[in-house]
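See structure below.
Numbers here simply count residues along the sequence, with the first being 1.
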Amino acid sequence: MRTILEWLKPGARVKRYIFMQILSIGLFIFCIVSLMSTYDLSIKMLVAYIALTTISIFGIIFSFILAQKNILFISLKNISKKNKSVRVKKLLYGDPELKKGPKIVVIGGGSGLPNLLKGLKEYTSNITAVVNVSSDDYTITSAMSGVEKLTPGDIRKCISALSTSETDIGKLLTYQSREDKINNNYSIGNAILTALIEITGSFPKAIDKLSEIFNMQGRIYPVTTDELILCAGLEDGEVVVGKENISDRVKETRSPIKQIFLKDGSVKTLPDVIEAIKNANVIVLGPGSLYTSVASNFLLEDVSKAIIKSKAKKVYIANIMNQPGQTDGYTLARYINEIERYIGKHILDYAIVNNGEITAEMIKDFNQEDSTPVKIDLENIQNRAISVVQEDLVLTAKNALIHDSERLAEIIMAITKSKKIGDLNIVKIKKKHLKNEKHINGKNKILNGMKNKQIKSEKKSSKPKAKKVSSNKEIKISAKSDATIDKIKKKISKE
């Protein structure tokens, strides 16, 4: 009896179809009894009874099918909570429905990007993950040396996240034998990538081949196949060269990052990335390390220009916790302002931020003592047209506090369908921001003019700042930076 009553609770989406079925059965019985007890029927009455009987039959069939479908959906959803490998939407709707989903481009890196991809792949297979792959990332050793200068650390995680057999693929790609661990050799994932690069002839083609082999729900591209070396000028005057060095150095010195720039400004963006941005319905920035994983992608001029020109909705996902050294004490406004500093002012349409409680016990239990939660300060956001969506997004993982990927995906999917979502705390529509901008040729030309100014101003502001930092008389170069620069020089001399 208790099990039956469970289906009558609000939100089960079964009651409406049960009542519809009862009503249809009652109407069918009424029609049959009336036809059997009435001998003199006019043509109009006969047609009416036939119509009612037909409607009741269809009502019985469809209410039964829809009720069963919802019962199956709820059952599978409960099973999936216990067994994460069960894909509810995949089982119910299959690939054809996912292929009809919106085109979403996600730009970032680190552990935040694959976590988001896990949620999005349940709604659409039209996902393009743009990953910042830096040449100086030595965490994957030299697996690609002699074949490609790129290292596939973040890409490997994204392959696992987008695969339909996520857990098994993840174990395979990160597997190392005892001998490999002792000798610090690279993993099976790197060996597979290296082999595919040699077979296909390039890194992007190898990734495409991987998507076929592992049945991935989307595409993964490195932002560039050129040698990308990230540099940072710190507040104390020091210049640090190399992504890994930046992360280590700012954590060690606690000197804030003043400006990031590329060692080589002629780095070209992968054409597939620009094409994906042009065709996107939604462009998602983050989550991930603000400077080394997210904003560094916008240092490539083609990427920032493509995002500015794109008609897609631009969404920024703020981190839950600040990164020690890199973003100590940063608030939501600081994150948004920094992102738009590198990509262009007033470009973001939405910002998604966690407003769930993070207690001192949670920070202690998950080894986050060196970090602080990102505070929400709407009054300091320079982009007064942005819509801020505040939700409880905190989940706990091994030694970390992470975003709820399912809830994030739900919010992003809602954004694809509606202009208004969540708690719009600042300004509801962009037109309000443009009221004071008068132009004789109308609103469209105002927007185009603003975008052109943004592009020009970004060029002017970014280049001089980089030079100013690098030409400072008090600049110090760390030992790690010297080592990285020597490695770069050796590579160049060999070539």
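Taking every heavy atom of both residues into account, I308 and I343 meet most closely at CD1-O, 3.2 Å. In terms of heavy atoms, S255 sits closest to V250 at O-CG1, 3.9 Å. N383 approaches I347 most closely through the heavy-atom pair ND2-N, 4.1 Å. The shortest heavy-atom contact between A280 and A312 is O-CB, 3.2 Å. P287 and N319 make their closest contact through CB-OD1, 3.5 Å (heavy atoms, listed as atom of the first residue, atom of the second, distance). Considering all non-hydrogen atoms of both residues, S310 and I277 come closest at OG-O, 3.3 Å.
Side-chain N or O atoms of S371 include none that pairs as donor or acceptor with a backbone N or O of M321 at under 3.5 Å. Side chain of D328 to main chain of G325: a donor-acceptor pair is present (N/O by atom type, distance under 3.5 Å, no hydrogens or angles). Of the possible donor and acceptor atoms, none in the side chain of K121 sits under 3.5 Å from a partner among the backbone N and O of G218. Distance alone, capped at 3.5 Å, is enough to place a donor-acceptor pair between the D349 side chain and the K314 backbone.
For the pair N354/D392, a side-chain contact is recorded, criterion being any heavy-atom separation below 4.5 Å from C-beta on. V131 has its side chain within reach of C158: a pair of non-hydrogen atoms, C-beta onward, lies under 4.5 Å apart. Annotation: side chain of I402 is not in contact with side chain of I320 (no heavy-atom distance under 4.5 Å). At least one side-chain heavy atom of L285 sits under 4.5 Å from a side-chain heavy atom of F298. Using a 4.5 Å cut-off on side-chain heavy atoms (C-beta onward), F261 and V239 make contact.
Between the CG atom of L270 and the CG atom of D226 there is a distance of 9.5 Å, given to the nearest 0.5 Å. Summarising the geometry, atom NZ belonging to K313 is positioned 11.0 Å from atom NZ belonging to K417; distances are rounded to the nearest 0.5 Å. We find the CD1-CD1 distance between I283 and I104 to be 11.5 Å, quoted to the nearest 0.5 Å. Taking NZ from K375 and CG from N380, the interatomic distance works out to 12.0 Å, rounded to the nearest 0.5 Å. Interatomic distance, NZ of K258 versus CD of E238, reported as 14.0 Å (0.5 Å rounding). Considering NZ of K243 and CD1 of I260, their distance stands at 11.5 Å, rounded to 0.5 Å.
Under 3.5 Å, the side chains of Q323 and Y291 contain no donor-acceptor pair of N or O atoms. Side chains of Y330 and N337: no donor on one and acceptor on the other come within 3.5 Å.
For the side-chain contact (heavy atoms from CB on, under 4.5 Å) test with T224, the passing option among L262, L300, N297, V130 is L300; the others fail. Between H403 and the choices L395, L116, I317, the side-chain contact (heavy atoms from CB on, under 4.5 Å) rule is met once, by I317. Residue I107 forms a side-chain contact (heavy atoms from CB on, under 4.5 Å) with just one option from L113, V294, V223, I307, and that option is I307. For the side-chain contact (heavy atoms from CB on, under 4.5 Å) test with I336, the passing option among T331, L348, L378 is L348; the others fail. Evaluated for a side-chain contact (heavy atoms from CB on, under 4.5 Å) with I411, the options D404, V315, I352 yield exactly one hit, I352.
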Could you walk me through whether Y342 and Q259 satisfy the side-chain contact (heavy atoms from CB on, under 4.5 Å) test, starting with their C-alpha distance in whole Å, then the side-chain angles of each, then the deciding distance to 0.1 Å, before giving a yes or no? CA-CA 10 Å; Y342 288 98; Q259 176 80 22; 3.8 Å; yes
So E252 and R249, salt bridge (Lys or Arg N to Asp or Glu O under 4.0 Å) or not? Walk me through it. CA-CA 5 Å; E252 181 185 338; R249 189 60 179 160; 3.1 Å; yes
V284 and V105: side-chain contact (heavy atoms from CB on, under 4.5 Å), yes or no, with the steps? CA-CA 6 Å; V284 181; V105 174; over 6 Å; no
Intermediate values then yes/no, side-chain contact (heavy atoms from CB on, under 4.5 Å), I339 and L290: CA-CA 8 Å; I339 285 290; L290 176 61; 3.7 Å; yes
List the steps and the verdict of side-chain contact (heavy atoms from CB on, under 4.5 Å) for I363 and I358. CA-CA 7 Å; I363 291 172; I358 300 173; 3.8 Å; yes
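Remark: E357 CD is loosely packed, at most 12 non-hydrogen atoms of other residues, nucleotides or ligands lying under 6.0 Å away.
A salt bridge is defined here as a Lys NZ or Arg NE, NH1 or NH2 lying under 4.0 Å from an Asp or Glu carboxylate O, and R407 with E410 meets this definition.
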